[in-house]
Amino acid sequence: MVQLHVKRGDESQFLFSTSVHAQLDTVIQEITAIYNGRLKVDRICSEVPELADHGISLPPNIQGLTEEQIFELKLRDEWEEKCVPSGGPVLRKDEIGRRNGHAPNDKMKEILMRTVEEAKALISNNQVKANVCVTMEMVKQALDQLRGAVTIVYPMGLPPHDPIRMEFEEREDLSGMQASLQVMTEDECQLWWAGKEMQRGKKLQDYVGKNEKTKLVVKIQKKGQGAPAREPLVTDDQQKQMMMYYYRRQEELKKLNEADDDTHMDSEWSDRQALKKQFQGLNNIKWGPR
């Protein structure tokens with residue numbers, strides 16, 4: 001199987017396994033789905049700690065208001081009594097005013113945080129170093145783990161306006177957020193390799209040949225953004241190894257130069273004629289004025 005190391009810019013995303021006979025339309029579709037799925041897992045993982053610390057999200061018309069303003073406007077959170085965490089709530093006020101402050105207890109919080117770490121590890125870009133290819137099944141597994149943990153802590157479910165529930169139900173609204181710039185639709189996704197766009201309608205073998213053991217670094221790019229920067233000839237790790245090698249070589253040469261020092265040739269013990277001069281009585285003769 002061909003192994004594609006998928007990058008966005010200079011950042012590694014994941015490894016993807018395919019075949020040289022695969023249609024590029026299918027490859028791009030699958031890569032886009034995994035890429036966006038990983039982003040969804042990351043977004044949920046960033047919200048779950050807030051849920052664990054401060055409870056469910058307040059309705060949009062209450063968020064950011066003080067208790068006095070809520071009282072004066074006669075507003076009420078109808079979901080506060082419906083969505084109670086297992087084991088009872090613990091009061092932890094949200095200073096930002098996004099969540100109701102009725103947080104899960106420490107045991108339930110531990111379940112949420114442990115699941116977050118497991119889900120993040122499953123789709124992490126560290127899988128590239130471990131030479132593990134990420135699949136859509138792994139992304140779905142991470143989402144199912146998060147959904148299961150939230151259900152354990154909140155058996156009655158989350159309110160429909162909670163961003164975590166909206167993510168699970170594919171109703172998330174990312175407009176005006178930085179996250180919207182990261183998401184990439186299948187139609188606007190382009191796949192680049194060796195400075196060339198891999199055109200839809202062709203097969204992977206049209207670019208890389210028929211060797212199924214090929215490993216490639218490919219980059220995904222939004223349509224209209226031009227060609228991504230090409231990969232450097234040597235990686236950062238390779239450059240570090242080269243610098244270490246040349247440093248060690250330089251130190252070795254220094255030691256060799258010191259070993260070649262011939263100043264000892266002026267010493268008496270290094271004189272080859274010393275024994276002959278001693279027999280002839282010439283070894284203590286000095287030339288020059290007294």
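This is a predicted model, so every value here is computed, not measured. Every heavy atom of this structure was used, including side-chain atoms; hydrogens, water molecules and symmetry mates were not.
- A pairwise comparison of heavy atoms in Asn211 and Val2 identifies O-CG2, 4.0 Å as the closest pair.
- Between Ile28 and Glu186, the closest heavy-atom pair is CG2-O, 4.3 Å.
- Using modelled atom types, no side-chain atom of Asp25 and backbone atom of Arg200 make a donor-acceptor pair closer than 3.5 Å.
- The neighbour count for Lys82 NZ, taken as heavy atoms of other residues, nucleotides or ligands under 6.0 Å away, is above 12.
- When every heavy atom of Asp10 is checked against every heavy atom of Lys219, the shortest pair comes out as OD1-NZ, 3.7 Å.
- Ionic pairing of Asp106 and Lys109 is not present here: no N-O contact between side-chain nitrogen and carboxylate oxygen is shorter than 4.0 angstrom.
- Counting heavy atoms of neighbouring residues, nucleotides and ligands inside a 6.0 Å radius, atom CD of Gln225 exceeds 12 of them.
- When all heavy atoms are compared, the tightest approach of Gln63 to Ser57 is NE2-OG, 3.1 Å.
- For the pair Asp173 and Arg43, the salt-bridge criterion is not met [side-chain N within less than 4.0 Å of a carboxylate O].
- Other residues, nucleotides and ligands contribute over 12 non-hydrogen atoms within 6.0 Å of the CG atom of Leu253.
- To the nearest 0.5 angstrom, Tyr154 atom OH is 7.5 Å from Leu112 atom CG.
- Atom CE of Met156 sits in a sparse spot, with 12 or fewer heavy atoms from other residues, nucleotides or ligands closer than 6.0 Å.
- No donor-acceptor pair closer than 3.5 Å links the side chain of Gln127 to the backbone N or O of Cys133.
- Looking at Arg99, its side chain never comes within 3.5 Å of a backbone N or O of Asp94 through a donor-acceptor pair.
- Residue Tyr35 comes nearest to Ile220 through the heavy atom pair CD1-CD1, 3.6 Å, listed as atom of the first residue, atom of the second, then distance.
- With Lys40 as the partner, the salt bridge (Lys or Arg N to Asp or Glu O under 4.0 Å) test is satisfied by one option alone out of Glu169, Glu47, Glu167: Glu167.
- Atom NZ of Lys140 sits in a sparse spot, with 12 or fewer heavy atoms from other residues, nucleotides or ligands closer than 6.0 Å.
- Under a 3.5 Å cut-off, the side chain of His21 and the backbone N or O of Gln205 do not form any donor-acceptor pair.
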**Asked** Given the rule in the side-chain hydrogen bond (donor to acceptor under 3.5 Å, both in side chains) test, do Asn131 and Gln3 qualify, once you have shown the distances and angles that lead to the verdict?
**Response** CA-CA 10 Å; Asn131 200 35; Gln3 189 179 84; 3.3 Å; yes

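- No hydrogens or angles considered: nothing links the side chains of Thr185 and Asp187 as a donor-acceptor pair under 3.5 Å.
- Transitive grouping of hydrophobic side chains (ILVMFWY, heavy atoms separated by less than 4.5 Å) brings Val41 and Val6 into a common cluster.
- With hydrogens and angles ignored, the 3.5 Å screen pairs a side-chain donor or acceptor of Asn36 with a backbone N or O of Met184.
- Put simply, the residue from Arg248, Lys254, Arg249 that forms a salt bridge (Lys or Arg N to Asp or Glu O under 4.0 Å) with Glu251 is Lys254.
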